[in-house]
Trainee: 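Okay, handing you the structure first.
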Amino acid sequence: MVAVVPKPTLQTVFELLFQAYGPQNWWPGDSPFEIMVGAVLTQNTSWTNVEKAIGNLKQARLLTPQKIIASHHKSLATHLKPSGYFNIKTKRLKSFCQWLLNQGGEMALARRETEKLRIELLSVHGIGPETADDILLYALDRPVFVIDAYTRRIFQRLGLIGGDEPYEQLRKMFEQGLGTDIALFNEYHALIVLHGKDICRKQPRCEQCCLQSFCSVSAA
DNA sequence: ACCCAGGGTCATA
DNA sequence: TATGACCATGGG
């Protein structure tokens with residue numbers, strides 16, 4: 001006999017995570033531009049390493065699009081070193097900053113329609129769907145739900161997805177299932193990341209997990 | 001010594 | 001379309 005695990009709604013999962021962890025107040029950063037930079041630097045990289053790189057940029061007073069573009073590759077790469085992939089990220093950060101200035105700067109983005117802006121972001125070399133959506137949600141306050149590896153892992157275990165769906169399919173599923181709620185999207189993704197780090201990979205059987213009653217792994 | 005992080009691009013089949 | 005290689009540091 002296989003135990004039948006009930007499937008929670010997306011709202012229920014949020015409630016459980018929020019009750020377990022409380023508000024996360026994402027994204028850490030002092031300004032929208034710092035958040036955008038962090039979104040690029042945190043690609044496949046732990047946040048503690050990103051903080052060091054951002055600290056270097058701040059100390060060198062390079063945390064503006066103009067200064068980043070004006071920096072030489074080698075110099076900028078040295079500042080980014082702690083965040084890993086520094087040669088690639090140097091190019092990506094420069095491409096993004098060049099795009100930002102071409103758009104007319106940060107203020108000009110506020111008038112752009114979200115979907116148009118998203119397409120534009122995705123056209124920048126080194127900006128993929130997750131990075132674009134991090135920027136849209138956390139720096140530009142747009143109602144976009146961020147999908148990452150933790151989201152796939154956690155919701156696969158809850159039996160709500162297969163886990164290999166295309167990014168866009170999952171994004172639309174969450175956005176339609178939750179309604180347009182920027183504050184909810186903001187908090188939800190932060191909670192998913194925290195929960196993913198905290199428990200879901202380190203303890204595959206999830207004995208202490210706040211989602212335990214819905215988790216197909218712990219019930220198996 | 002090994003595993004992986006708040007991904008994305010590119011080459012190959 | 002769908003895998004696999006590659007990028008690179010730092011903490012567990």
Side-chain angles (χ1 to χ4, degrees), chain A residues 13-14 17-18 21-30 32-57 59 73-99 118-142 144-157 162-171 174 182 184-204:
Chain A
V13 175
F14 175 79
L17 291 173
F18 190 82
Y21 299 107
Q24 299 304 306
N25 300 312
W26 266 28
W27 183 293
D30 298 334
F33 182 68
E34 183 178 332
I35 292 172
M36 298 181 205
V37 170
V40 172
L41 296 185
T42 198
Q43 291 173 353
N44 203 41
T45 299
S46 60
W47 183 251
T48 54
N49 283 9
V50 176
E51 284 182 313
K52 294 171 187 171
I54 290 180
N56 289 343
L57 294 176
Q59 191 168 8
H73 178 99
K74 203 161 185 176
S75 165
L76 187 54
T78 300
H79 291 107
L80 298 186
K81 190 170 182 180
S83 71
Y85 304 143
F86 49 82
N87 284 316
I88 282 180
K89 284 175 178 174
T90 296
K91 293 177 188 170
R92 291 183 181 178
L93 203 49
K94 283 198 172 200
S95 325
F96 172 73
C97 289
Q98 187 62 62
W99 172 83
R118 190 168 191 277
I119 301 295
E120 290 281 346
L121 279 167
L122 290 174
S123 74
V124 180
H125 184 84
I127 306 291
E130 185 178 341
T131 306
D133 291 344
D134 279 337
I135 291 171
L136 288 167
L137 178 61
Y138 290 104
L140 301 173
D141 297 312
R142 305 305 179 102
V144 170
F145 197 94
V146 179
I147 304 297
D148 68 342
Y150 291 133
T151 311
R152 294 176 184 275
R153 198 177 304 152
I154 291 170
F155 287 86
Q156 177 179 15
R157 292 185 180 194
D164 294 326
E165 292 89 344
Y167 186 98
E168 276 303 273
Q169 184 179 333
L170 293 177
R171 181 171 75 94
F174 277 87
I182 296 171
L184 175 64
F185 290 179
N186 181 318
E187 200 62 48
Y188 208 155
H189 177 64
L191 288 167
I192 286 170
V193 172
L194 177 60
H195 182 68
K197 287 198 272 210
D198 195 24
I199 292 179
C200 216
R201 196 182 59 76
K202 293 182 179 177
Q203 298 184 342

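So that the names make sense, note that chain A is the first sequence line, chain B the second, and so on, each numbered from 1.
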Trainee: Tell me the interatomic distance from A/Glu165, atom CD, to C/dA2, atom P, rounded to whole angstroms.
Mentor: 12 Å
Trainee: Whole-Å distance between C/dT9 C1' and A/Asn49 CG?
Mentor: 5 Å
Trainee: Can you tell which of B/dG8, B/dG6, B/dA5 lies closest to the side chain of A/Lys197?
Mentor: B/dG6
Trainee: Taking the side chain as everything from C-beta on, heavy atoms only, tell me whether A/Asp134 gets closer than 4.5 Å to A/His189.
Mentor: yes
Trainee: Just compare B/dG8, B/dC10, B/dA5 and give me whichever is closest to any side-chain atom of A/His125.
Mentor: B/dC10
Trainee: Is it true that A/Asp148 and A/Thr151 share a donor-acceptor pair across their side chains at a distance under 3.5 Å?
Mentor: yes
Trainee: CZ of A/Phe145 versus P of B/dG6: gap in Å, rounded?
Mentor: 16 Å
Trainee: Angle class for the A/Tyr188/A/Phe174 ring planes (parallel below 30°, perpendicular above 60°, tilted otherwise)?
Mentor: perpendicular
Trainee: What does B/dG7 pair with, Watson-Crick or G-U, if both distances are under 3.5 Å?
Mentor: C/dC7
Trainee: For B/dG8, does OP1 or OP2 lie under 4.0 Å from any side-chain N or O of A/Thr131?
Mentor: yes
Trainee: Can you measure A/Leu93 atom CG to B/dG8 atom P for me and round it to whole angstrom units?
Mentor: 15 Å
Trainee: Less than 6.0 angstrom separating the ring centers of A/Tyr150 and A/His195, yes or no?
Mentor: no
Trainee: What nucleotide, of C/dA8, B/dG6, B/dT9, holds the atom closest to the side chain of A/Arg92?
Mentor: B/dT9
Trainee: Using a 5.5 Å cut-off between ring centres and planes within 30 degrees, is A/Trp26 stacked on the base of B/dG6?
Mentor: yes
Trainee: Is A/Phe86 stacked on the base of C/dA8, with ring centres under 5.5 Å apart and planes under 30° apart?
Mentor: no
Trainee: Taking the same atom, P, in B/dC4 and in C/dA5, what whole-Å distance lies between them?
Mentor: 15 Å
Trainee: Please check the phosphate of C/dA8 (OP1 and OP2 only) for any side-chain N or O of A/Asn87 closer than 4.0 Å.
Mentor: yes
Trainee: Look at all strands and tell whether A/Lys52 reaches a base, only sugar-phosphate, or nothing, counting heavy atoms closer than 4.0 Å.
Mentor: sugar-phosphate
Trainee: Over how many whole Å does the gap from A/Asn44 atom CG to B/dG8 atom P extend?
Mentor: 10 Å
Trainee: Counting just side-chain N and O atoms, does A/Arg153 come under 4.0 Å of either OP1 or OP2 of B/dC4?
Mentor: no
